Amino acid sequence: MEINLLVGGPISEWPEELLKKEDDKIWVGADRGALRLIQNGIQPTIAIGDFDSSTKAEQNLIRENSKKIYTAKPEKDDTDTELALKIIFKSFQDISRINIFGATGGRIDHLLANLFFVLREPFYEYADKIFIFDRFNTINFYKPGTYTIQKENDKKYLAFVPLTSVEKLSLLDEKYRLDKRDFKFPISLASNEFVGEKGSFSFVTGVVCVIQSKD
């Protein structure tokens with residue numbers, strides 16, 4: 001099951017998946033993301049958030065046009081993105097992929113929280129199924145193993161960002177090869193570039209955030 005999550009951060013262009021408006025797609029709206037879905041003709045399967053940045057009229061619109069709604073108190077520890085993911089994990093079974101749109105813009109504290117939340121329970125279990133998108137970047141998370149990733153459109157640059165200390169990171173096919181390099185958190189970063197349409201990497205311990213970027 002593939003789930004699309006639109007959150008409240010600014011987005012510079014609407015995702016192609018949203019514009020298709022296919023009836024069988026599962027869309028979850030977090031905070032103002034739910035309002036954006038409704039304004040673009042999409043009924044949220046679930047609307048989630050404290051909605052403290054929405055007017056009373058906007059809150060009523062969300063309540064009247066969402067299939068299900070979860071309202072949180074503003075005094076919460078999680079970002080709306082984290083809260084939405086927790087509800088998604090509880091509400092759906094056999095999740096293959098979660099696409100998150102709007103999580104990279106706006107407040108820098110929310111962006112950092114959205115990069116490191118995979119270290120917290122229950123997110124680590126789903127880390128490799130979570131993808132964050134904007135028009136310039138594709139961000140996903142990996143647990144130890146060997147992987148081959150496909151270059152997305154013209155996003156030819158790669159950044160490997162350890163979220164913990166990482167041992168024996170090898171980049172096999174990229175422009176700048178690494179062979180079993182250890183990275184100590186929090187000062188390590190490996191910038192790289194696709195040579196072809198695919199790239200391979202592996203590591204044995206830790207959690208790595210991989211960012212594909214446009215020039």
Side-chain angles (χ1 to χ4, degrees), residues 1-135 137-141:
M1 176 180 293
E2 187 168 326
I3 296 170
N4 297 296
L5 170 61
L6 185 65
V7 302
I11 53 178
S12 53
E13 69 179 21
W14 288 104
E16 181 181 351
E17 288 82 354
L18 179 62
L19 298 178
K20 290 179 181 177
K21 298 184 179 180
E22 296 169 348
D23 292 338
D24 61 342
K25 283 188 175 294
I26 296 176
W27 275 97
V28 176
D31 202 64
R32 291 192 67 82
L35 180 65
R36 288 174 175 166
L37 287 174
I38 294 166
Q39 290 172 336
N40 283 269
I42 303 292
Q43 183 182 33
T45 305
I46 306 176
I48 301 163
D50 52 39
F51 307 110
D52 59 344
S53 59
S54 300
T55 66
K56 290 294 183 181
E58 289 171 339
Q59 292 177 19
N60 289 335
L61 189 65
I62 293 170
R63 292 190 185 94
E64 293 168 0
N65 292 277
S66 301
K67 295 180 181 178
K68 186 178 292 187
I69 187 166
Y70 290 87
T71 303
K73 295 180 179 180
E75 305 84 12
K76 62 186 185 304
D77 293 329
D78 299 338
T79 65
D80 288 313
T81 306
E82 293 176 81
L83 178 61
L85 286 170
K86 285 184 176 180
I87 299 299
I88 287 171
F89 298 151
K90 291 179 180 179
S91 302
F92 301 99
Q93 302 296 319
D94 300 322
I95 298 171
S96 61
R97 181 183 175 105
I98 301 173
N99 303 310
I100 306 177
F101 303 93
T104 58
R107 290 170 51 178
I108 190 65
D109 57 331
H110 283 191
L111 171 60
L112 291 174
N114 290 335
L115 293 184
F116 283 89
F117 69 86
V118 295
L119 304 181
R120 298 167 55 182
E121 294 294 340
F123 304 117
Y124 181 76
E125 177 185 352
Y126 297 89
D128 54 352
K129 299 179 180 180
I130 298 172
F131 294 76
I132 299 176
F133 291 94
D134 61 30
R135 65 182 297 187
N137 306 283
T138 299
I139 302 171
N140 38 319
F141 308 90

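None of these values were measured; they are calculated from a predicted model. Both backbone and side-chain heavy atoms feed into the values below; hydrogens, waters and symmetry mates do not.
Distance CG/Asp80 to CG/Leu85: 11.0 Å, rounded to 0.5 Å. Taken to the nearest 0.5 Å, the CG atom of Leu111 stands 6.5 Å off from the OG1 atom of Thr104. We find the CG-CZ distance between Leu83 and Phe117 to be 12.5 Å, quoted to the nearest 0.5 Å. In this structure, CD in Gln39 is found 7.0 Å from CZ in Arg32, a value given to the nearest 0.5 Å. For the atom pair CD1 (Ile38) and CD (Glu58), the distance works out to 10.0 Å, reported to the nearest 0.5 Å.
Nearest heavy-atom pair, Lys67 versus Thr45, reported as atom, atom and distance to 0.1 Å: CB-O, 3.4 Å. Summarising the geometry of Glu125 relative to Asp128, their closest heavy-atom pair is O-OD1, 4.3 Å, with the distance given to 0.1 Å. Closest approach of Ala30 and Ala84 over heavy atoms only: CB-CB, 4.0 Å. Scanning all heavy atoms of the two residues, the minimum distance from Phe89 to Ile130 falls at CZ-CD1, 4.3 Å. Among all heavy-atom pairs drawn from Ser54 and Ile62, the shortest one is OG-CD1, 4.5 Å. Val7 approaches Ala103 most closely through the heavy-atom pair CG2-N, 3.4 Å.
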* Decide side-chain contact (heavy atoms from CB on, under 4.5 Å) for Met1 and Arg97; before the verdict, give the C-alpha distance in whole Å, the side-chain angles of both, and the deciding distance to 0.1 Å. => CA-CA 7 Å; Met1 176 180 293; Arg97 181 183 175 105; over 6 Å; no

* Begin from the C-alpha positions of Phe131 and Ile100 and carry the test side-chain contact (heavy atoms from CB on, under 4.5 Å) through to its verdict. => CA-CA 6 Å; Phe131 294 76; Ile100 306 177; over 6 Å; no

* To do: Please assess Ile3 against Val28 for the test side-chain contact (heavy atoms from CB on, under 4.5 Å), listing each intermediate value before the final yes or no.
  => CA-CA 8 Å; Ile3 296 170; Val28 176; 4.1 Å; yes

* To do: Kindly indicate, with the supporting measurements, whether the criterion side-chain contact (heavy atoms from CB on, under 4.5 Å) is fulfilled by Ile132 and Phe141.
  => CA-CA 9 Å; Ile132 299 176; Phe141 308 90; 4.1 Å; yes

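No side-chain heavy atom of Asp31 sits less than 4.5 Å from a side-chain heavy atom of Ile48. Looking only at side-chain heavy atoms (C-beta outward), Ile98 and Lys129 stay at 4.5 Å or farther from each other. By the 4.5 Å heavy-atom criterion applied to side chains, Ile46 and Ser66 are not counted as neighbours. Side-chain contact between Asp50 and Thr71 is absent, with no heavy atoms from C-beta onward closer than 4.5 Å. Looking at Lys90 and Ile88, their side chains never come closer than 4.5 Å, going by heavy atoms from C-beta outward. Using a 4.5 Å heavy-atom threshold, the side chains of Ile87 and Tyr70 count as touching. Two residues are said to be in side-chain contact when any heavy atoms from C-beta on lie closer than 4.5 Å; Asn99 and Phe133 meet this criterion. Side-chain contact between Trp27 and Leu6: present, with at least one pair of heavy atoms (C-beta onward) separated by less than 4.5 Å.
A salt bridge between Arg120 and Glu82 is present, with a side-chain N of the basic residue lying under 4.0 Å from a carboxylate O of the acidic one.
Of the possible donor and acceptor atoms, none in the side chain of Glu2 sits under 3.5 Å from a partner among the backbone N and O of Ser96. Judged by distance alone, the side chain of Lys25 and the main-chain N or O of Asn4 form no donor-acceptor pair under 3.5 Å. No donor-acceptor pair under 3.5 Å is formed between the side chain of Gln59 and the backbone N or O of Lys56.
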